[in-house]
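Remarks on the structure that follows.
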Amino acid sequence: DRDPSFAPAYFLIGIGHAVAKRYNEALTAWFNALRYEPNNVDLHANIAYIFYQRQDWQTSIKHFMTAHRIAPQDANILAAVGLCFARAGDFARAITSFNQSLHLKPRAPVTHSNLGLSYYLHKEVEKAVEHWRIVSQLDSTYAKKREEEEQHSFDDSTVSMRPFNWRERTIRLSPTLPRPQTRL
């Protein structure tokens, strides 16, 4: 009420609503925050997360792509975009996004697994097997857990809410101290 342009408050309110699965209220809070911070990567990624949960792939892709334009070196956003493309049935673009993500973060077993399934559904079985083999080399426990599901379902764990980044938000000025109350 005192400062309606304080975007971090809207961000945290949105997180509270999203955790409670009140997605409409979360979107309202995050869209309010976007008015004051249109270049906030985390806001766009969280809005995309909500639309992903609602299976609105195109809107989710739109917001993830906006987040990607703001932070092009974020491999997690590229992996999430790839997953949205794959869910929408656009396997060629999904493969491109997953490959770009792996170029930035080559040791991500979840991304390799999702890329393998995208290749498999795109009828490129040899490339799919190659990436599933890489998953086994990177994380054998994860590979065993995903072994049966690897050819049937994507791993949605790359699409998640992004927390409030306090370090980026902290003002790096020394605090102003009050004048001393005692006299010598």
Side-chain angles (χ1 to χ4, degrees), residues 11 14-15 18-21 23 26-27 30 39-165 167-168:
F11 188 94
I15 291 217
V19 167
K21 297 193 185 319
Y23 295 139
L27 286 174
W30 287 333
N39 291 327
N40 186 322
V41 175
D42 298 331
L43 280 172
H44 286 286
N46 284 349
I47 290 169
Y49 165 79
I50 297 293
F51 285 110
Y52 185 87
Q53 295 300 315
R54 291 180 168 179
Q55 299 181 359
D56 183 351
W57 314 126
Q58 296 308 316
T59 309
S60 184
I61 289 169
K62 176 185 142 194
H63 284 282
F64 273 130
M65 290 303 286
T66 302
H68 171 62
R69 280 190 288 281
I70 297 168
Q73 298 300 315
D74 192 329
N76 295 330
I77 290 175
L78 281 166
V81 170
L83 197 52
C84 290
F85 282 130
R87 292 286 186 187
D90 190 350
F91 299 114
R93 290 175 78 185
I95 290 168
T96 302
S97 293
F98 287 137
N99 278 322
Q100 289 174 347
S101 175
L102 288 172
H103 179 72
L104 297 170
K105 190 176 174 183
R107 301 189 56 82
V110 175
T111 307
H112 278 287
S113 176
N114 287 336
L115 178 58
L117 183 54
S118 294
Y119 274 127
Y120 183 77
L121 296 173
H122 198 251
K123 310 284 190 250
E124 297 183 50
V125 178
E126 288 127 14
K127 289 183 180 180
V129 171
E130 176 186 329
H131 282 280
W132 289 331
R133 195 172 295 133
I134 292 171
V135 172
S136 298
Q137 293 168 355
L138 291 175
D139 189 349
S140 61
T141 308
Y142 174 76
K144 286 178 185 174
K145 186 173 84 174
R146 289 280 302 160
E147 189 172 350
E148 294 175 9
E149 299 175 23
E150 211 163 41
Q151 296 178 6
H152 305 294
S153 65
F154 290 99
D155 185 348
D156 291 327
S157 65
T158 56
V159 178
S160 61
M161 269 194 306
R162 294 169 70 104
F164 189 73
N165 190 349
R167 288 186 179 175
E168 185 179 299

Got a list of side-chain donor-acceptor pairs under 3.5 Å for residues 75-84, not counting sequence neighbours?
unit_1, atom_1, unit_2, atom_2, d
Asn76, OD1, Lys105, NZ, 3.4

> Taking only residues two or more places apart in sequence or in another chain, which ones pass ring pair (Phe, Tyr, Trp, His ring centres under 6.0 Å) with Phe91?
Replying inline: none
>> Holding to ring pair (Phe, Tyr, Trp, His ring centres under 6.0 Å), I want the full list of residues that pass it with Tyr119, two or more places apart in sequence or in another chain.
In response: His131
Using a 3.5 Å cut-off and no angle test, enumerate the donor-acceptor pairs between side-chain atoms of residues 134-141 and protein atoms at least two apart in sequence or in another chain.
unit_1, atom_1, unit_2, atom_2, d
Ser136, OG, Trp132, O, 3.4
Asp139, OD1, Thr141, N, 3.3
Asp139, OD1, Tyr142, N, 3.3

> What's the shortest heavy-atom distance between Ala94 and Ser118, and which atoms?
Replying inline: CB-OG, 4.0 Å
> Which pair of heavy atoms, one from Gln58 and one from Ala88, lies closest together, and at what distance?
Replying inline: NE2-CB, 3.8 Å
In Å, rounded to the nearest 0.5 Å, how long is the span from [atom1] of [X] to [atom2] of [Y]?
X: Thr111; Y: Leu104; atom1: OG1; atom2: CG; result: 10.5 Å
X: Lys21; Y: Ile50; atom1: NZ; atom2: CD1; result: 9.0 Å
X: Phe98; Y: Phe85; atom1: CZ; atom2: CZ; result: 10.5 Å
X: His103; Y: Gln73; atom1: NE2; atom2: CD; result: 8.0 Å
X: Leu43; Y: Phe11; atom1: CG; atom2: CZ; result: 5.5 Å
X: Lys127; Y: His122; atom1: NZ; atom2: NE2; result: 9.5 Å

>> Any side-chain to backbone donor/acceptor pair from Ser97 onto Arg93? Under 3.5 Å, distance only.
In response: yes
> Is a side-chain donor or acceptor of Ser60 paired with a backbone partner of Ala48 at a separation under 3.5 angstrom?
Replying inline: yes
>> Tell me which pairs pass salt bridge (Lys or Arg N to Asp or Glu O under 4.0 Å) where either residue lies in residues 47-61, with sequence neighbours left out.
In response: none
> Yes or no on side chain to side chain contact (heavy atoms under 4.5 Å, CB included) for Phe64 and His44, after CA distance, side-chain angles and deciding distance?
Replying inline: CA-CA 6 Å; Phe64 273 130; His44 286 286; over 6 Å; no
>> List the residues meeting side-chain contact (heavy atoms from CB on, under 4.5 Å) with Arg87, not counting sequence neighbours, and say none if there are none.
In response: Tyr52, Trp57, Phe154, Asp156
> Does Asp74 reach the side chain of His68, with side-chain heavy atoms less than 4.5 Å apart?
Replying inline: no
